[in-house]
Peer 1: 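Got a structure for you, questions after.
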Amino acid sequence: AKRAAFDLLVIGGGSGGLACARKAASLGAKAALVECNRLGGTCVNLGCIPKKIMYYAAKHAECVENQGGYGFSCSDVKFDLVTLKNSRDAYIRKLNDIYLRNLEKDGVELIEGHATFTGPHKVHVNDKHVTAEHIVIATGASPIVPNLPGAKYGITSDGFFALEHLPKKVAIVGGGYIAVELAGILNALGSDVSLVVRHTLMKPFDEMLSKSLAEEMTHAGIKIHTSCQVKEVNKNEGVLSLHVQRGGCPDDVMEGMDVLLWAVGRRANIGDIGLDKTGVKVDGHGFIKVDGHGFIKVDEYDNTEVHNVYALGDVTGRKLLTPVAIAAGRKLATRVFGNQPSAKLDYSNIPTVVFSHPPIGTVGMTQGVPVCDISSCLLT
């Protein structure tokens, strides 16, 4: 078996991992990055970038619908999802190539394959044994499919980007970023959309924002079912039926769905990389010091419990935003290799935008923050 040694090994070629590896290399570190899929991670391949392209397509559809009042006459306008998908996928492939060239330009070695820990600072990839003084876990997260009867008949946001036909009738389960963004896109493109929300829409946001968004989405034709929970999914001749419970009322059935899309959260990609071999305590699921949602716990400097093993980006469950992962990766590399021991990312007051229809954004504390939290901030 081949052997290789590095100053820094990054596991995961998403936004945070790429930023960390490139920054470390620019500071003189011998850096390598392991990735088993396409470079760019969720954002480039199955997240922000393709989502934003779909968002622009939806905005075009809205412009076409409103063009008459502006003096334009566009009769017989047709939309072809396959054409859009092919153009979008070609653009994504260009970005994958750009990331590869950037790694080569910065002197970061790309190791293609699946990384598995064999020790605290040892990783096995294909037929290669790799050691590194510093290892960064930046493996990202994946959509959750709930554990309930018939859940397998649904797709996730990953499956959304594989669609080649616009569904006539779709149910989206969830009330967060992904749910409202995809609901707005599909509705604008012509689908009949029902949004099934367990509690309330965009719960962490100020009520003023979430309530106004719900009103606008309803006005646009999206059916929003709050305090509603899916209990079972049935499939008959390609058509889906959702058995739901609304509050304390008896079970109801939502019928005639072509597509069911789960947008109920994300789980860290850490189940199959051998974290139990790192020498720290693991829980019953074999995860390294994780919280209740299966994300890796780190301190304010992105350190895990293992010396010189770090984690950043979506795998930590903190602020699942691309610019945050990039900034955290660069800060970590600067601290470790740039002689700036106090360098770290400040996670407070990070602005966030939801590309809903209409889009909303916010920064800072919300009205839902407990008074005791506000008081502690005022005192410090």
Side-chain angles (χ1 to χ4, degrees), residues 6 8-21 32-47 110-126 128-132 134-147 156-158 178 262-322 324-326 328-329 332 345 347:
F6 298 93
L8 172 71
L9 178 69
V10 177
I11 303 175
S15 301
L18 287 163
C20 186
L33 182 143
V34 182
E35 177 55 63
C36 59
N37 293 307
R38 294 179 295 173
L39 288 173
T42 296
C43 175
V44 170
N45 298 292
L46 294 165
L110 174 63
I111 304 173
E112 296 184 76
H114 182 83
T116 306
F117 279 98
T118 57
H121 295 276
K122 299 177 182 178
V123 171
H124 184 257
V125 187
N126 302 328
K128 183 177 290 188
H129 293 285
V130 183
T131 59
H134 302 273
I135 295 183
V136 175
I137 303 168
T139 48
S142 299
I144 293 172
V145 174
N147 183 22
T156 64
S157 55
D158 291 359
I178 296 171
W262 299 111
V264 292
R266 297 177 70 80
R267 182 179 288 113
N269 296 328
I270 54 176
D272 59 352
I273 60 174
L275 285 176
D276 55 316
K277 301 294 194 302
T278 56
V280 299
K281 289 181 180 179
V282 295
D283 64 14
H285 303 289
F287 292 159
I288 177 177
K289 192 72 176 178
V290 297
D291 61 18
H293 301 286
F295 294 108
I296 296 179
K297 281 188 177 179
V298 291
D299 64 14
E300 59 185 330
Y301 291 97
D302 295 316
N303 299 307
T304 67
E305 276 196 332
V306 189
H307 180 61
N308 286 358
V309 175
Y310 320 93
L312 57 85
D314 290 1
V315 76
T316 66
R318 297 181 302 173
K319 301 289 185 182
L320 277 64
L321 301 168
T322 296
V324 171
I326 293 172
L332 176 59
L345 180 63
Y347 282 84

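Owing to the predicted nature of the structure, the values given are computational and were not obtained by experimental measurement. If you read the sequence from its start, that first residue is 1, and numbering goes on from there.
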Peer 1: Only one of Val123, Thr278, Val315, Ile137 forms a side chain to side chain contact (heavy atoms under 4.5 Å, CB included) with Ile273, so which one is it?
Peer 2: Ile137
Peer 1: Can you name the nearest heavy-atom pair linking Ala21 to Leu33, along with the distance?
Peer 2: CB-CD1, 4.1 Å
Peer 1: Out of curiosity, Thr116 OG1 to Asp272 CG, how far, rounded to the nearest 0.5 Å?
Peer 2: 7.0 Å
Peer 1: Among Thr42, Asn269, Thr156, find the residue that satisfies the side-chain hydrogen bond (donor to acceptor under 3.5 Å, both in side chains) test when tested with Ser142.
Peer 2: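 In the set Thr42, Asn269, Thr156, the residue that makes a side-chain hydrogen bond (donor to acceptor under 3.5 Å, both in side chains) with Ser142 is Asn269.
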Peer 1: Taking only residues two or more places apart in sequence or in another chain, which ones pass side-chain hydrogen bond (donor to acceptor under 3.5 Å, both in side chains) with His134?
Peer 2: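 If we apply the side-chain hydrogen bond (donor to acceptor under 3.5 Å, both in side chains) test to His134, skipping adjacent residues, the hits are Tyr310.
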Peer 1: As a quick check of understanding, evaluate side chain to side chain contact (heavy atoms under 4.5 Å, CB included) for Asn303 and Val298, giving each step before the final call.
Peer 2: CA-CA 5 Å; Asn303 299 307; Val298 291; 5.9 Å; no
Peer 1: My understanding is that only residues two or more places apart in sequence, or in another chain, count here; which of them pass side chain to side chain contact (heavy atoms under 4.5 Å, CB included) with Thr118?
Peer 2: Lys122, His124
Peer 1: Going by the side chain to side chain contact (heavy atoms under 4.5 Å, CB included) test, name the single residue among Asp276, Val306, Ile11 that passes it with Phe117.
Peer 2: Ile11
Peer 1: Show the nearest heavy-atom pair for residues Ile178 and Ser157, with the distance to one decimal.
Peer 2: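 Where Ile178 meets Ser157 most closely, the heavy atoms are CG2-CB, 4.0 Å.
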Peer 1: Do you know the tightest heavy-atom contact between Val324 and Leu345?
Peer 2: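 The pair with the smallest heavy-atom distance is O-CD2, 3.6 Å.
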Peer 1: Closest heavy-atom contact between Ala32 and Ile111?
Peer 2: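 Shortest heavy-atom separation between Ala32 and Ile111 comes out as CB-CD1, 4.2 Å.
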Peer 1: What distance separates Thr131 OG1 from His121 NE2, expressed to the nearest 0.5 Å?
Peer 2: 10.5 Å
Peer 1: Got a sec, which residues hit salt bridge (Lys or Arg N to Asp or Glu O under 4.0 Å) with Arg318, two or more places apart in sequence or on another chain?
Peer 2: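 Applying salt bridge (Lys or Arg N to Asp or Glu O under 4.0 Å) to Arg318 gives Asp302.
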